[in-house]
Amino acid sequence: MIEVRNLKKQYGDLIAVNDVSFSVNEGELFGVIGPDGAGKTTLFRMINSLIIPDSGSVSLWGLNPVTDYKAIREMIGYMPGRFSLYEDLSVEENLEFFATVFGTTIEENYHLIKDIYAQIEPFKKRKAGQLSGGMKQKLALSCALIHKPRILVLDEPTTGVDAVSRYEFWDMLIKLKQNNITILVSTPYMDEASKCDRVALMQNGHVLMVDTPWGIENGFSTSLYGLKTINKYKLIQFLRSSVSCKSVYPFGEYLHYCDKREDVNEKILIEELKQAGFFDAIVDEVKPGIEDRFMELMGNVI
Amino acid sequence: MKRLKAFIKKEFMHIFRDSRTMLILFAMPIAQILIFGYVVVSDINDAKIGILDKSKDVVTREIIYKLVASGYFQISDYLIHENDIQALFRRGDISMVVVFESGFGTSFNKEGEANVQLIADASDANTARLLCNYAEGIIYQYSLEQNKLMGYANHLNTEVRMFYNEELEGVYMSIPGIMAMILILISAMMTSISITREKEFGSMEVLLLSPLRPMQIIVGKVVPYVVLSFVNTITILLISVFVFKVPIQGSVLLLLFVSLLYIILSLSLGIFISTIAKNQMVAMFISLFALMLPTILLSGFIFPIENMPFLLQALSLIMPPRWFVIIVKKIMLQGVGLMYVWKEMLILIGFIVLFLVLSVKKFKVRLL
Amino acid sequence: MNEEVVIKVSHLYKKFGHFTANDDLNFEVFKGEIFGFLGANGAGKTTAMRILCGLSTPTSGEVNVAGLDVGTCADAVKAKIGYMSQKFSLYEDLTIWENMRLYAGIYGVNKNEFRMRGEELLRELNMCDERNRLISTLSLGWKQKLAFMVAMIHKPQIVFLDEPTSGVDPITRRQFWELIYEAAANGVTIFVTTHYMDEAEYCDRVSIMVDGRIEALDTPSQLKIDHNVSSMNDLFLKLIR
């Protein structure tokens, strides 16, 4: 299992990772979720031994990435942010290269990558540079898996990939758990949190919270109302000016609204909106999502 | 070993699949050597010459007229005495002097033979050679015309003399220099670019996390370029021998060995550059500006080192191409053996060790 | 919402050899509308948007943007639209004000007008005191917001946004959408291309492209009802697979 304790890394004035602690259990699909610049990549590079932390420690099944990096590199499968395949080599040549470099063969571990690789095998003579984003992603995952790693570290594997490929990719990760591979994955997309066993929410170098997706959503502190009207912009302006407004954010077709008053409900809100001239307004109490909680937690830190 | 082999195979694939790389690797050296070999010899127009006419008769006048009429020459001085030639050359006023022996016309008409001497300033060897060739041609043409007209079978002997550089080293001189430049440019630039490319695309991260050791990555990057640069060396030598007729006086084997040493030196320099450069662009600029200009200017390839200010002379000592040029000149042109070049070879080896140690030290197993 | 049509596309085809990137596209976009233009990688979104912006010519069909035919007056169209791409937005080594002045210059905004417009945009972002900061010192979220404002410096009728908020933190992202709502409320038409479905939910109407054709076009809520799905993401998966 992975133990991260008080990890810190600073570049000049910028604290990329600030006092981060969490642990990942064996066989878990663990997500690190946060916007660009939250420190996810730096965190992953400290875990996989590419960067030495300023302070704090990492332990992978008792091994320390700073001192035991050779042993750790043997057991990690890593997929950096940009898929980092060789674009001028074919699909097959890429896979073969990484297999040989890791001292194995495609045949030996084919069972591990079969489900994923089978989808791109028809194009195995094609250059990696000519693949679509989704196919590149599958090839990169195959390359990271070919040496049967114990931990898979995936840095933003779904960035820049369309919704279908993202969906398929998460399916593949969930299937991989059967092989008892511990998976550490980062993403800027909040909606992907629900696919993970547990997630860490990250912002400005801090881990805001670590919990199951369910636990995070349930931690939302107050009632959340979804408001809908044809003129969202006017409604936002109106709510912002009201004294009882705790927070209001656009949320897709809706506005997500929290009220400072304890005794408020849908009926009261709808009445208030009608009085203000929003006759078409619809108000429903909604179940908070990860993103709502993330914003609440961000508000606390700021 | 298997890993290293797979890595080297991959590198060859990168090279052979990129037409631009192939162009730089193979077309550029050939183009460069041809350009330097031919184009540097510029065409001649109105070259200033001096005339030392000890005879002053009809024949010499006619020949002088022909020279001027050709458009190649312009007479700027009439000399009185042979001793003045040196002074004129030193001042750089003229590049050739035509000397007619006394009684030139008489001996040409009566004895059927006369002597004319062409003395050229060979510090610019290419120009000197051209001037003499043109003048010789004009004089020969004149004798043919006269013979036809008068029904003679007379003969004009032209004797060519070169001042300052009797062996006309210029053309030969440039071959070792061009070799030094092409090899260092291509080897250092290509390796540094190919290593920084991996950094830029992020694949270096994956390689670092693989069981490949830094030394293997470096060796894997270098081996393909050693092979290809060696092929280049042979091409350059073949061109210089068969196109430019530069003889190889000494041992070909020794020459190839020294070239190999120099290639490895250039590659280790390339690796060193890649450890300091963050991306391909920086690598290319360092290679071009830090290597090409000093090689051209300070290796004695174009400007003689003896004429440089002391500071630049000192600086040229740490220019690896300088030593390579010396060795190649000695082997190719003077035909000496290992006994005479081992010191310079040791210097090259010293450079290799220095750059490799620096690179392996700087090549990190981590990112930061 | 206004019924005035600002983009009208009829029977648009774009072929590259045998490959048809845009296959008979037909749609209208209204003034002040936030129009989402969605599709998987390679569905033909980028091709269509390039045509709308006057960067590429259609193989056949009519495209009318801001009252002008794109085929014949591409340059006049360019002056009436703003464009913000996800990859390239602002020059990192110039300050905020310098970037604004640069784009104002490019779009031919005169000096006095620019001074007023620039102040106005900065005020809206609450960045009046930071005008001399270099872009490279700003966070991604600020850069995106600023890039949007810069795209509006010449008061365009239509602004094209290419995946405007991917990778931005949730709060900043909402601030960004509020800017968009405000612009739309002022009558600017917003045309957003993206393959992130949660961005789609913010739009007034969305079209979904699959293999060069528009497979669905309506308000997000109507689309969800029609296809009996709970989210745009589900709809997208349903249409594409």
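Worth saying up front: this structure is predicted, and the values here are computed from it rather than measured. Chain letters run A, B, ... following the sequence lines, proteins first and then strands; every chain starts at 1.
A distance-only check finds a donor-acceptor pair linking the side chain of A:E253 to the backbone of C:S221 [under 3.5 Å].
Interatomic distance, OH of A:Y167 versus CG of C:N233, reported as 9.0 Å (0.5 Å rounding). Rounded to the nearest 0.5 angstrom, A:D13 CG and C:T137 OG1 are separated by 12.0 Å. With rounding to the nearest 0.5 angstrom, the NZ atom of A:K232 is 6.0 Å from the CG atom of C:D204. Atom CG in A:D36 sits 10.0 Å away from atom NZ in C:K143 (nearest 0.5 Å). Here the CG-CG distance, from A:D162 to C:L38, works out to 11.5 Å after rounding to the nearest 0.5 Å. For the atom pair CE of A:M202 and CG of C:D169, the computed distance is 13.5 Å after rounding to the nearest 0.5 Å.
Highest contact tally toward chain C, considering only A:R166, A:K234, A:Q237, is held by A:R166 [criterion: heavy-atom pairs under 4.5 Å]. Most heavy-atom pairs under 4.5 Å with chain C: of the set A:D292, A:I236, A:T159, this distinction falls to A:I236.
For chain C, the nearby part of A:Y189 is the side chain; its heavy atoms alone come within less than 4.5 Å. If you measure heavy-atom distances from C:K224 to chain A, the contacts under 4.5 Å come from the side chain alone. Looking at A:S247, there are no atoms closer than 4.5 Å to chain C (heavy atoms on both sides), in backbone or side chain. Using a 4.5 Å cut-off between heavy atoms, A:P188 touches chain C through its side chain atoms alone.
Of all heavy-atom pairs spanning C:Y181 and A:G252, the tightest one is OH-O, 3.6 Å. Taking both residues in full, the closest heavy atoms of A:Y233 and C:A185 are given as CD2-CB, 3.7 Å, listed atom of the first, atom of the second, then distance. Closest approach of C:Y202 to A:P250, counting heavy atoms only: OH-O, 3.6 Å.
Residue C:K15 places its NZ atom among 12 or fewer non-hydrogen atoms of other residues, nucleotides or ligands, all under 6.0 Å distant. Annotation for C:N228: atom CG does not count as buried by contact number, only 12 or fewer foreign heavy atoms lying within 6.0 Å. At most 12 heavy atoms of other shown residues, nucleotides or ligands fall within 6.0 angstrom of atom CG in C:D211. Counted within 6.0 Å of CZ on C:R131, heavy atoms from surrounding residues, nucleotides or ligands total more than 12; the atom is thus considered enclosed.
At least one side-chain heavy atom of A:R240 sits less than 4.5 Å from a side-chain heavy atom of C:E178.
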Item to check | Derivation of the side-chain contact (heavy atoms from CB on, under 4.5 Å) call for A:E291 and C:R174 | outcome: CA-CA 11 Å; A:E291 219 167 343; C:R174 282 167 176 79; 3.1 Å; yes
